[in-house]
Amino acid sequence: MADVLRAVGIRKLFAGVPALDGVDLTVTAGKVVGLVGHNGAGKSTLLKVLSGAYQPDGGELFLGEERVSFHSPATAIQAGVSTVYQELSLLPNLTVAENTFLGRELRRGGRLDKVAMREAAQALIDRFQIPVDAARRVGDYPVATRQLLEIAIATSRNARFLLLDEPTTSLEGEQVEPLLRLVRGLATDEGLGIMFINHKLDELFAISDEVVALVNGRVQIEGPTDRVNRSEVITAIAGSELPERRVPAATGLATGAGAGEHAVALSVRGLRNDQLKGVDLEAREGRILGIYGLVGSGRTEFLRTLVGLLPTSGGSVSLFDRDYRPGGPADAQRHGVVYLTEERKIDGIVPGLTSITNVVLPVVRQYTRGGLLDHRRLRSVATDLLTQLGIRGDIHAPVVTLSGGNQQKVLLARALAQKPRVLLLDEPTKGVDIGVKAEIHQLLRSLAHDEGLAVVMVSSEEEEILEVADEVVTFVLGSCDGREVAASDLTVQGLRQSAWEAA
């Protein structure tokens, strides 16, 4: 039986740009390898190569001494390599037992053997001491329990190696320890080899036998955990050319150059909910506020809270000096707050509708006369916006026929059709090419600096934050202290360091 999963010289290119550039990594049975790196370092890409979701453009994979090729996640699972992604995949409407045997159901006499599946699933979760009933729906249990279930179920597929992608991101406080204990036990007691991606260095160092740091698609640091210094990891991730001086901590909320000359549009104080632990910040008219943070820092949850998609449990938000408590996106829109989602294919575009229809969906009621839609005005408004944004493709065909970059422009046109005063953007250039990215950057600057909008932009790309934003705040583990730094005073290295040192 193979006791190592080994990647040798792995390369992976996207549009000719290397995401992985000759990566060597070994996962040994009974050991935990902690994998760490900055946003875009290549961690998730490496995980997808090891799990069969991506095919490498160079290099080799080995199980023991045997060279292997995983053509799909299914072939990796058959070989004993299971993966648990950050986004939970268990179906909440199915029972624990049904999720456990999904796609490999037990049958007896041509019928599903529900009793056998329930008993086997219960035995599995009892072995891992997870307090659930295999006959109950997964949706009945909290996220922390579902995460434990996800890992336990992954091991039931004859796993010899387990790849974990940020498994504690959605957990907090006392919820983390049971998961770390489970992972450690899988290595020590069950003999599994585990790759554990995590940006929380305390957790990573506590659980790992070895630490590997990826920087720009290459292994920068590797070695036994007790021989790797935490500060060296932070320095490697931040970059070898650290800024000569650290940007001094701000004494107030308005410290970016020129920020004080602009009226405050959005003021947030102590905002809290299940994902946010206390957020302070201000966004101003005519300025672009960049929000930076690691995975799980609460950036997306903050934007979704501001448009009423997530509830609040404490703190206050004021909009143009008035108390603001949105009941949902439509209510937020009526107050002039518009949100552009990160996941355009999941909760952004409606694939089967035309670009024109996608643009006007949120404002249809504004173009109704006597109970009838004014189709001519709707088409005119949408066409004007799409033309201004330079959409390439047939705007009368289903939007899904457009390229990813043009689909993103359609969503931006939809946002503008709602006439925002505060524009919330989550990864606005995710998955678009360089040319479209430059166009979107130019549009955002114009909206803020020429049109006077308050723009709040979340981005995982340090270069984008520094290029587009006027001021920058950093989110860490669901918190933001509101200290702004002028983007012109920051470097990529300094930005990474500010997030990692507090992680």
Side-chain angles (χ1 to χ4, degrees), residues 1-14 19-20 23 25-29 32-33 35 37 41-64 66-92 94 96-106 117 121 124 138 146-170 179 182-183 186-187 190-198 212 214 217 295 343 345-346 431:
M1 180 178 290
D3 60 354
V4 296
L5 170 64
R6 193 156 49 99
V8 179
I10 295 297
R11 300 187 76 243
K12 182 63 182 176
L13 306 177
F14 293 104
L20 298 174
V23 171
L25 181 109
T26 300
V27 182
T28 304
V32 178
V33 175
L35 183 63
K43 306 183 299 296
S44 293
T45 301
L46 177 59
L47 178 138
K48 289 178 179 178
V49 168
L50 294 175
S51 69
Y54 286 165
Q55 303 306 305
D57 295 310
E60 299 174 312
L61 295 180
F62 292 88
L63 275 175
E66 179 185 358
R67 181 179 175 181
V68 294
S69 295
F70 299 147
H71 300 295
S72 68
T75 58
I77 290 172
Q78 290 171 3
V81 180
S82 287
T83 304
V84 176
Y85 291 99
Q86 180 185 337
E87 299 82 11
L88 297 179
S89 63
L90 299 182
L91 301 179
L94 299 184
V96 173
E98 289 167 339
N99 270 281
T100 301
F101 288 94
L102 191 63
R104 53 189 181 126
E105 290 80 4
L106 302 181
M117 289 190 290
L124 172 71
V138 164
R146 293 188 220 178
Q147 186 74 74
L148 295 173
L149 282 171
E150 187 104 34
I151 294 173
I153 292 172
T155 68
S156 71
R157 302 185 178 100
N158 299 316
R160 291 179 284 164
F161 299 94
L162 189 60
L163 313 177
L164 303 177
D165 187 12
E166 304 276 4
T168 65
T169 294
S170 57
L179 187 140
L182 172 61
V183 173
L186 288 172
E190 305 286 333
L192 269 65
I194 297 174
M195 186 176 81
F196 184 80
I197 298 178
N198 201 340
V212 174
L214 277 185
V295 173
E343 300 292 348
K345 293 184 179 179
I346 297 175

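As the structure is a prediction and not an experimental result, all values here were calculated from the model.
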Rounded to the nearest 0.5 Å, how far apart are [atom1] of [X] and [atom2] of [Y]?
{"X": "Ile77", "Y": "Phe70", "atom1": "CD1", "atom2": "CZ", "answer": "10.5 Å"}
{"X": "Lys48", "Y": "Leu163", "atom1": "NZ", "atom2": "CG", "answer": "13.0 Å"}
{"X": "Leu13", "Y": "Thr45", "atom1": "CG", "atom2": "OG1", "answer": "11.0 Å"}
{"X": "Leu35", "Y": "Leu164", "atom1": "CG", "atom2": "CG", "answer": "11.5 Å"}
{"X": "Met195", "Y": "Leu5", "atom1": "CE", "atom2": "CG", "answer": "8.5 Å"}
{"X": "Ser82", "Y": "Ile153", "atom1": "OG", "atom2": "CD1", "answer": "11.5 Å"}

Whether the side chain of [X] engages the backbone of [Y] through a donor-acceptor N/O pair (distance < 3.5 Å, no angle test) should be reported.
{"X": "Glu166", "Y": "Phe196", "answer": "no"}
{"X": "Lys43", "Y": "Gly37", "answer": "yes"}
{"X": "Arg160", "Y": "Ala79", "answer": "yes"}

Within the 4.5 Å heavy-atom criterion, are [X] and [Y] side-chain neighbours or not?
{"X": "Asp165", "Y": "Ser44", "value": "yes"}
{"X": "Arg11", "Y": "Leu20", "value": "no"}
{"X": "Leu148", "Y": "Leu179", "value": "yes"}
{"X": "Asn99", "Y": "Leu149", "value": "no"}

Would you sort out whether Gln147 and Val84 count as a side chain to side chain contact (heavy atoms under 4.5 Å, CB included), showing the intermediate values? CA-CA 9 Å; Gln147 186 74 74; Val84 176; 3.7 Å; yes

Might you point out which heavy atoms bring [X] and [Y] nearest each other, and give the distance in Å?
{"X": "Met117", "Y": "Phe101", "answer": "O-CE1, 3.3 Å"}
{"X": "Thr83", "Y": "Ser51", "answer": "OG1-CB, 3.0 Å"}
{"X": "Pro92", "Y": "Arg146", "answer": "CB-NH1, 4.3 Å"}
{"X": "Ala29", "Y": "Gly191", "answer": "CB-O, 3.5 Å"}
{"X": "Leu91", "Y": "Val138", "answer": "O-CB, 3.9 Å"}
{"X": "Val49", "Y": "Ile10", "answer": "CG1-CG2, 4.1 Å"}

Does Arg67, at its CZ atom, have more than 12 non-hydrogen atoms belonging to other residues, nucleotides or ligands within less than 6.0 Å? no

Side chain to side chain contact (heavy atoms under 4.5 Å, CB included) evaluation trace for Leu192 with Thr155: CA-CA 9 Å; Leu192 269 65; Thr155 68; 4.0 Å; yes

Should Ile151 and Leu186 be marked as a side chain to side chain contact (heavy atoms under 4.5 Å, CB included) after you check the CA-CA gap, both sets of side-chain angles, and the distance that decides it? CA-CA 10 Å; Ile151 294 173; Leu186 288 172; 3.6 Å; yes

Kindly determine whether Leu50 and Leu61 satisfy side chain to side chain contact (heavy atoms under 4.5 Å, CB included), including the steps that lead there. CA-CA 8 Å; Leu50 294 175; Leu61 295 180; 3.6 Å; yes

